[in-house]
Amino acid sequence: MKKTAVVTAGTGGIGLETALGLAVAGFAVTVIGRDAERGAKAVERINATGPVHPARFLSADLASLDQVRALARRITADHATSGEPLTALVNNVGAMFAERQTRGGVEASFVVNHLSPYLLTELLLPTLTAGAPSRIVNVTSGAVVLAKRVFDAVEPPGGYYGFHWYGRAKLANLAYTLDLAARLDGTGVSVFAADPGGAATDMTNGTMSDSKIVSPALRLLWPLVRRTFERSTSGPASAAARPSIMAATDDTLTGRTGIVIGAQAHPVAPHRAAADPRVAEAVRRLSERHAPLAPA
C-alpha cells in the first residue's frame, strides 16, 4: 500500500531533511511552507533523489489558523478523492521571536509552536484514523526545561522573553502530544514527540545573540549559555532530522505510542511537567478556546 506523509515547514532546514528521509523510506511526501519558490526547490531536491513517489508542495502560512484550517480541508479532500491513506503527519513547524508579536490577536510563539500543529492534527485525525496504522510526530525542544508551567492563559505573567515563551509553547505541545497518545491508544494512530537536539537553522541563526530573549536572572550568564547553545546548534540539519525520521518510520515503534525520541534517535523519558495530567488538562482547555476546530 502506498505510504504518504505530510511535513510542515518542510521547505528547508530540519523539515526538508525529514522530507528527504521519508522519501528515501518510500513515502510520497507533501511539504508545507509559505514560499512557493522555496517549495519548488524543495520538491526538486527531493525528486532528484529518485524517490518511489514524487514529492509535492502545498502553500500555507502556518502562523494563520485560518490557513491551517484550509490546509486541513485540502489534505482531507485529496486523500478522500485518491483513496490513499495518510500514513504520517510530521508537525515540524516552529519559531522563536525576539520581540513579542501576535497572529490573529494571539501571541505568535504560542500560535506557531502549539496552536497551529494542534489544530492541524485534530482536523486531520479522521483521515489519519482511516489510514491506520499511521503516525503523528510532533517536534519538541529542549527549551521546555526553562518554561513556565502555568497555562491559564496564552500569555504567562511577567515580561516577554522569547526563549522562555518558545519553551513554554513547546511544553504545551509536548503535553498535548502525550495526552493525545493516551486518547488515541488502540485506534491504530501512534503519536510521538521528536527532539532534534541542535542544528544551525534559520530559527537559531542570529536569534540567540540577543540577551533580551531570556529573563534578567539569566542575562549575566547568557554569554556562557549562548556559547553552549550555539555549539549544540552547529550540527547539520540532516542529523537533527534523524529523530523525526525514526519516529515516522522505525519498525521497532510499530504498535507503540506516547514515546519521546531524543536527539540521539532513541527513546528518552519525557520532561516531567509534560506528563503532568494537570498541565495536559490546562493545555487542552486553552487550545480548545483559542483554536476551535470550527471557526466562530
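Side chains of P267 and V260 form no contact here, defined as non-hydrogen atoms less than 4.5 Å apart. Taking the side chain as every heavy atom from C-beta outward, M96 and S109 never approach each other to under 4.5 Å. Looking at heavy atoms from C-beta onward, L119 lies out of side-chain contact with L115 at the 4.5 angstrom threshold. Annotation: side chain of L86 is not in contact with side chain of T76 (no heavy-atom distance under 4.5 Å). Residues P156 and V150 form no side-chain contact, since every pair of their non-hydrogen atoms from C-beta on lies 4.5 Å or further apart.
With hydrophobic clusters built from ILVMFWY side chains whose heavy atoms lie under 4.5 angstrom apart, I46 shares a cluster with V90. Linking Ile, Leu, Val, Met, Phe, Trp and Tyr residues whenever their side-chain heavy atoms come within less than 4.5 Å places V6 and L65 in a single cluster. If you chain together hydrophobic residues whose side chains sit under 4.5 Å apart, L120 and V154 fall into the same group. Follow the hydrophobic side-chain contacts under 4.5 Å out from L124 and you never reach V7; the two are in separate clusters. V106 and L286 fall within a single hydrophobic cluster, where Ile, Leu, Val, Met, Phe, Trp and Tyr are joined by side-chain heavy atoms under 4.5 Å apart, directly or via other members.
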Please tabulate, one pair per line, all N/O donor-acceptor pairs under 3.5 Å involving side-chain atoms of residues 131-146, not counting sequence neighbours.
unit_1 : atom_1 : unit_2 : atom_2 : d
S134   : OG     : L128   : O      : 2.7
R135   : NH1    : A247   : O      : 3.0
R135   : NH1    : D250   : O      : 3.1
R135   : NH2    : D250   : O      : 2.9
R135   : NH2    : T254   : OG1    : 3.4
N138   : OD1    : N91    : ND2    : 2.8
N138   : ND2    : T177   : OG1    : 2.8
S141   : OG     : A143   : N      : 3.0

N/O donor to acceptor pairs below 3.5 angstrom from side-chain atoms of residues 14-34, sequence neighbours left out:
unit_1 : atom_1 : unit_2 : atom_2 : d
E17    : OE2    : R45    : NH2    : 3.1
T18    : OG1    : I14    : O      : 2.8
T30    : OG1    : R56    : NE     : 2.8

Practice task
Would you please test L184 and T257 for side-chain contact (heavy atoms from CB on, under 4.5 Å) and show each step?
Solution key: CA-CA 9 Å; L184 296 181; T257 193; over 6 Å; no
Exercise for the section: For the pair V68 and L62, evaluate side-chain contact (heavy atoms from CB on, under 4.5 Å) and give the outcome as yes or no after the intermediate values. Expected result: CA-CA 6 Å; V68 171; L62 297 171; 4.0 Å; yes
Exercise for the section: Could you go through the side-chain contact (heavy atoms from CB on, under 4.5 Å) check for I75 and H79 one step at a time? Expected result: CA-CA 6 Å; I75 294 170; H79 283 275; 3.6 Å; yes
Exercise for the section: Determine, step by step, whether L180 and T121 satisfy the side-chain contact (heavy atoms from CB on, under 4.5 Å) criterion, reporting the C-alpha distance in whole Å, the side-chain angles of both residues, the deciding distance to 0.1 Å, and the verdict. Expected result: CA-CA 10 Å; L180 180 66; T121 299; 3.7 Å; yes
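The shortest non-hydrogen separation linking N113 to A169 is CB-CB, 3.6 Å. Smallest separation of non-hydrogen atoms from L178 and A274: CD1-O, 3.7 Å. Taking each heavy atom of G262 and P243 in turn, the nearest pair found is O-CG, 3.2 Å. Between G10 and A42, the shortest heavy-atom contact is O-CB, 4.1 Å. A172 and V283 get closest at one heavy-atom pair: O-CG1, 3.5 Å.
Residues that satisfy the salt bridge (Lys or Arg N to Asp or Glu O under 4.0 Å) test with D61, not counting sequence neighbours, are absent from this structure. With sequence neighbours left out, F151 forms a ring-ring contact (aromatic ring centres under 6.0 Å, His included) with no residue at all. A search for side-chain contact (heavy atoms from CB on, under 4.5 Å) contacts involving S59 returns F57, not counting sequence neighbours. In terms of the salt bridge (Lys or Arg N to Asp or Glu O under 4.0 Å) criterion, residue partners of D66 (sequence neighbours excluded) are, by chain and number, R69.
Ring geometry for H164 versus Y161: interplanar angle over 60°, hence perpendicular rather than tilted (30 to 60°).
Between R284 and E288 there is no salt bridge, since no side-chain nitrogen of the basic residue lies less than 4.0 Å from a carboxylate oxygen of the acidic one.
In this structure, OH on Y118 lies 8.5 Å from CG on L123, to the nearest 0.5 angstrom. The CG atom of L293 lies 9.0 Å from the CG atom of L125; values are rounded to the nearest 0.5 Å. A distance of 7.0 Å separates OH in Y160 from CZ in F97, rounded to the nearest 0.5 Å. Distance check: R242 CZ to H266 NE2 gives 9.0 Å after rounding to the nearest 0.5 Å. A distance of 10.5 Å separates NZ of K41 from OG1 of T11, quoted to the nearest 0.5 Å.
For the salt bridge (Lys or Arg N to Asp or Glu O under 4.0 Å) condition, the pairs that include at least one residue of residues 117-129, sequence neighbours left out, are E122-R183. Sorted by first then second residue, the salt bridge (Lys or Arg N to Asp or Glu O under 4.0 Å) pairs that include residues 149-175, not counting sequence neighbours, are R100-E155. For the salt bridge (Lys or Arg N to Asp or Glu O under 4.0 Å) condition, the pairs that include at least one residue of residues 83-94, sequence neighbours left out, are K2-E84. Within the structure, salt bridge (Lys or Arg N to Asp or Glu O under 4.0 Å) pairs that include any residue of residues 21-31 do not occur (at least two apart or interchain).
Annotation for E281: atom CD counts as buried by contact number, over 12 foreign heavy atoms lying within 6.0 Å. Around atom CZ of R289, more than 12 heavy atoms belonging to other residues, nucleotides or ligands sit under 6.0 Å away.
When atom types are taken as modelled, the side chain of K148 and the backbone of P157 share a donor-acceptor pair closer than 3.5 angstrom. A donor-acceptor pair under 3.5 Å is absent between the side-chain atoms of S244 and the main chain of A194, judged by distance alone.
Grouping Ile, Leu, Val, Met, Phe, Trp and Tyr residues whose side-chain heavy atoms lie under 4.5 Å apart, directly or via other members, leaves V52 alone, with no other cluster members. Side-chain heavy-atom separations under 4.5 angstrom define the hydrophobic clusters, and the remaining members of the one that includes I259 are F192, M246, L253, I261.
Taking the six-membered ring wherever Trp is involved, the centroid distance between the rings of W165 and F110 does not fall below 6.0 Å.
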